[in-house]
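Reading through the structure tokens given below for one structure.
Residue numbers start from 1 in every chain, and the chains themselves are labelled A, B, ... in the order their sequence lines are given, proteins ahead of strands. This one's a predicted model, so the numbers in the text were calculated from it and none came from an experiment.
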There are 2 protein chains.
Amino acid sequence: MQESEISLRDKLIDTGLKLLLEGGPEALTLRKCAQLAGVSHAAPAHHFAGLRGLKTAMVGRGHEIFAQMMRDEMDAAPKDKNGQILAICQGYIQFSQQYRHLFNLMFVPPAEFAPDPARDDAAKASRDVLTALCKQHFPGPNQHFYEIAIWSLVHGYSKLLEIGRVQPGSQSQADIEFAKILKLLDFPGTQ
Amino acid sequence: MQESEISLRDKLIDTGLKLLLEGGPEALTLRKCAQLAGVSHAAPAHHFAGLRGLKTAMVGRGHEIFAQMMRDEMDAAPKDKNGQILAICQGYIQFSQQYRHLFNLMFVPPAEFAPDPARDDAAKASRDVLTALCKQHFPGPNQHFYEIAIWSLVHGYSKLLEIGRVQPGSQSQADIEFAKILKLLDFPGTQ
DNA sequence: GACTTCAACTTGACAGTGTCAAGCTACAAG
DNA sequence: CTTGTAGCTTGACACTGTCAAGTTGAAGTC
């Protein structure tokens with residue numbers, strides 16, 4: 001019953017996420033998606049603007065999980081500046097590893113997306129997690145630059161990790177390595 | 001005359017680069033490549049292991065340009081620690097903007113490449129530019145961490161720039177913004 | 001010189017892809 | 001009852017990467 005109540009649109013997004021996360025970007029296909037959802041190959045066209053539209057909708061979902069993951073880490077961490085910055089970064093890195101292919105899809109030039117206010121909102125919401133943190137801990141004229149700095153650092157590290165250019169032994173070792181880097185940079189200026 | 005002397009292999013790589021840089025990843029097609037090079041659609045198969053192989057060869061070329069671009073910036077900059085670090089980063093960012101799509105192709109999980117020692121060497125050579133710099137200016141046990149830190153920071157910034165998540169007005173403004181970030185982080189620890 | 005070998009390339013085919021156009025069907029509105 | 005229409009199907013199209021077989025031409029061998 002419940003199964004028949006979830007819309008085909010949601011079902012296609014779920015199926016798309018499954019295909020992407022398990023098989024990588026090449027496995028994500030409109031036709032496979034439709035087949036797994038039990039509809040004809042042209043059915044998705046009535047819910048999304050082509051493959052691009054489906055990807056866009058999936059990315060919206062991704063940003064929700066992403067923001068939640070960062071918030072969870074922050075909630076579980078010490079509430080001081082150092083603790084919170086490290087926590088948000090660990091959430092960031094954790095998501096990038098756990099949802100590898102989705103993470104990749106999320107950070108792609110806007111031209112590759114279909115126009116979608118829902119995606120824009122979700123992307124903004126996930127960025128706001130960092131913005132709010134910086135507002136609190138880096139007041140003053142340099143707030144924006146600290147935000148870009150933290151974002152660049154953690155995004156770059158996540159990317160290099162993903163493509164195997166940095167190779168700590170495990171997830172926990174990655175956390176340790178990144179924490180060491182934050183410390184080296186004297187990032188929060190308190191330490 | 002000279003034109004007939006360059007091998008089809010090189011011609012295909014050149015054509016592939018042109019297609020990629022001008023039209024993005026979707027425009028890079030084995031068949032279009034072959035057509036532009038004036039050969040049949042199956043000819044490339046005799047020089048590369050499929051599309052993957054062509055991409056791999058193109059990436060090798062990319063790393064050569066990349067390394068040269070960083071070295072050029074370093075040569076033209078003050079030879080002190082601050083100047084050299086800023087310079088290598090500016091070369092990095094400049095390449096990522098100027099060769100957008102190629103840059104993207106270069107930093108991709110190794111599984112998406114065909115095995116190719118030439119590419120591995122070229123990738124290593126471009127990384128060595130940074131490694132050598134860190135060896136010189138960050139001797140001691142933390143050298144590796146400084147290297148990862150700089151790499152993450154500049155790679156992340158380049159990516160965010162590319163996908164429009166940070167939007168300085170121009171190339172020169174990006175340079176200024178990144179320089180400011182480096183300064184804020186007190187990166188080289190001398191300043 | 002005749003024969004063999006072989007690498008480079010062509011031709012033709014195949015399954016898979018995204019996308020479009022036309023038709024069907026069930027359900028809501030008038 | 002009629003009309004519309006949203007959701008879906010069917011069928012087609014051009015395009016993709018890849019494979020198999022055939023062609024060609026030049027180099028080497030007897």
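Taking the ring centroids of A:Phe95 and A:His63, they lie at or beyond the 6.0 Å cut-off.
Rounded to a whole Å, the CG atom of A:Leu8 is 16 Å from the P atom of D:dA6. With rounding to whole Å, A:Leu36 atom CG is found 15 Å from C:dG16 atom C1'. At whole-Å resolution of the value, CG in B:Leu12 and P in C:dA8 are 13 Å apart. Rounded to whole Å, atom P of D:dG7 lies 16 Å from atom NZ of A:Lys11.
Look at B:Lys124 and B:Asp120 and you find no salt bridge, because none of the NZ, NE, NH1 or NH2 atoms lies under 4.0 Å from a carboxylate O. Under 4.0 Å is where a charged nitrogen must lie from a carboxylate oxygen, and between B:Glu26 and A:Arg52 at least one such pair does.
Proximity of B:His46 to the phosphate of C:dT10: no side-chain N or O atom is located under 4.0 Å from OP1 or OP2.
A:Lys81 forms a cation-pi arrangement with A:Phe138, by the criterion of a distance under 6.0 Å to the ring centre and an angle within 45° of the ring axis.
Each end of the helix from C:dG1-D:dC30 to C:dG30-D:dC1 gets its own rotation axis from five pairs of C1' atoms, and the angle between them is 10° to the nearest 10 degrees.
Rounding to the nearest 0.5 Å gives a distance of 13.5 Å between CD1 of B:Ile88 and CE of B:Met69. Here A:Phe48 contributes atom CZ and A:Leu12 contributes atom CG; the two are 5.0 Å apart, rounded to the nearest 0.5 Å. Here the CD-CD distance, from B:Glu73 to B:Gln94, works out to 5.0 Å after rounding to the nearest 0.5 Å.
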Considering only nitrogen or oxygen atoms on both sides, find all protein atoms under 3.5 Å from nucleotides 15-19 of chain D and state each distance.
unit_1: D:dG17; atom_1: OP1; unit_2: B:Leu30; atom_2: N; d: 2.9
unit_1: D:dG17; atom_1: OP2; unit_2: B:Leu30; atom_2: N; d: 3.3
unit_1: D:dG17; atom_1: OP2; unit_2: B:Arg31; atom_2: N; d: 3.3
unit_1: D:dG17; atom_1: N7; unit_2: B:Arg31; atom_2: NH1; d: 2.5
unit_1: D:dG17; atom_1: O6; unit_2: B:Arg31; atom_2: NH1; d: 2.9
unit_1: D:dT18; atom_1: OP2; unit_2: B:Leu51; atom_2: N; d: 3.1
unit_1: D:dT18; atom_1: O4; unit_2: B:Arg31; atom_2: NH1; d: 3.2

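One hydrophobic cluster, built from ILVMFWY side chains closer than 4.5 Å, cannot hold both A:Leu185 and A:Ile176; they sit in different ones.
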